[in-house]
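Below: the structure, in structure tokens.
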Amino acid sequence: MEYTTIKKEDAEVSKILEAERVRQQEGIELIASENYVSVAVQEALGSIFTNKYSEGYSGKRYYAGNEFVDDVENLAISRAKELFGAEHVNVQPLSGSPANAAVYFATVKPGDKILGLKLDHGGHLSHGHPVNFSGMLYDFVQYTVKKETGEIDMDEVREIALREKPKMILAGFSAYSRNMDWKRFKEIADEVGAITFADIAHIAGLIAGKQIESPVPYFDIVTTTTHKTLRGPRGAMIMCKEKFAKDIDRAVFPGMQGGPHDNNTAAKAIAFGEALKPEFQAYAKQVILNAKAMADELMKNGFKIISDGTDNHLMVVDLSNQGLVGKEAEVALDKAGISTSRSTIPYDINPPMNPSGIRLGTPAVTTRGMKEAEMRQIAQWIIEALKNKDDDNKLEAIRQEVKSLCAKYPIPTF
Ligand code: DSN
């Protein structure tokens, strides 16, 4: 990689950037929400669209000179519509939580009741956690996964919905490895007259790649970040039925945000274009095959995966039968060149800063071209690193093996 101008103009930033490049190239990235974007997406992010202000929407901006911003935003919207079959798309949300905030802002009032998945059962902070704006402003009631199966029990969701009569039912997750029953969620919402809202941030790429069923045909509103399995720039978008379009657009601007980040919109257009290509379906399929292979290898070696496997790109490993907690596992694996995130497990007895599990995901390693054999090898390194968590020499030896494997799978950079 050569960020030649940065190198010439700013040695301090250049040094940090190069260190990060080496970290990304030489390590194995298993954080389930991360990925590597294409060079085209990187170029768009660094493009002159970053110079522009463009509050408003296509044809109705509050600044002059937006004819090409209109072109690129319209292109991103039409590609997103084609990719997901959505009636209406807003590509301006800056990230996932602001997108979710705009949805609440557009559709419910502070104090209204919303039903969402509990954070330590796989939900997201913006799905009603008390420390988040969502939990502070709205009256969230939460559904959970079953202790015995690790899966959402739709009969229980219905029971809570009938009892609580929420204004909105939210289906989505950050750490759940099973398919969602979108149709059933919609049926339950219809029974109680609730708006349906799906947050597909984690699985949008698997849906776009036609490997997982989409909530878009069933749900009123669907949000997603664009940088996880979807493999675009950091950001988000909102898809909705036409009848919510005006309210959603107004909630994003002027309700929640000022000027959109047009360089990011250009990068979204490119990423959606990439996701429309047949090779993206092959990538999405491989992401899931890789996750299944990794989960299988870990389970064969005595590790407990919540729900005993995965249908998507991620898995939550319960470390309690290994005599370990998430933080020490994360630190040991990091020393071995394997990047993961600690994770709560359902019914966790440990605190969120040091929970009982780790979450692993395969989008980034799949983008590099790794397949099932590499997943099994990585699982073996994980097992070895965790067994030797206090032996820095052993962890360094694994790190060198990791580095050799990674050398065969370069990350996309300029
Ligand atoms: N931070 C993301 C994740 O890791 O799942 C969710 O916002």
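Bear in mind that the values here come from a model prediction, so they are computed numbers and not experimental data. Atoms within a ligand are numbered from 1 in the order they appear, just like the ligands themselves. Along the sequence shown, residues carry numbers from 1.
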May I ask you to list the atoms of ligand 1 that are less than 4.0 angstrom from any heavy atom of [X]?
X      : result
His202 : 3 (C), 5 (O)
His124 : 6 (C), 7 (O)
Arg359 : 3 (C), 4 (O), 5 (O)
Ser174 : 5 (O), 6 (C)

Mutual orientation of the aromatic rings belonging to Tyr104 and Phe133 [parallel < 30°, tilted 30-60°, perpendicular > 60°]: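 Tyr104 vs Phe133 ring planes: tilted.
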
Nearest non-hydrogen protein atom, atom 1 (N) of ligand 1: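 Result: Ser33 OG, 4.5 Å.
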
Distance from atom 2 (C) of ligand 1 to nearest protein heavy atom, with residue and atom: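 Among all protein heavy atoms, the one nearest atom 2 (C) of ligand 1 is Lys228 CE, 3.8 Å.
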
Tyr283 six-ring centre to Arg231 NZ/CZ under 6.0 Å and within 45° of normal: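 Output yes; distance and angle both within limits.
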
Tyr143 ring center within less than 6.0 Å of Phe185 ring center: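 Aromatic pair counts; centres sit under 6.0 Å.
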
Short side-chain to backbone donor-acceptor contact, Thr229 and Gly205, under 3.5 Å: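 At least one qualifying donor-acceptor pair exists.
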
Arg250 side-chain N/O to Ala106 backbone N/O, donor-acceptor pair under 3.5 Å: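 Pair absent, no side-chain N/O of Arg250 close to backbone of Ala106.
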
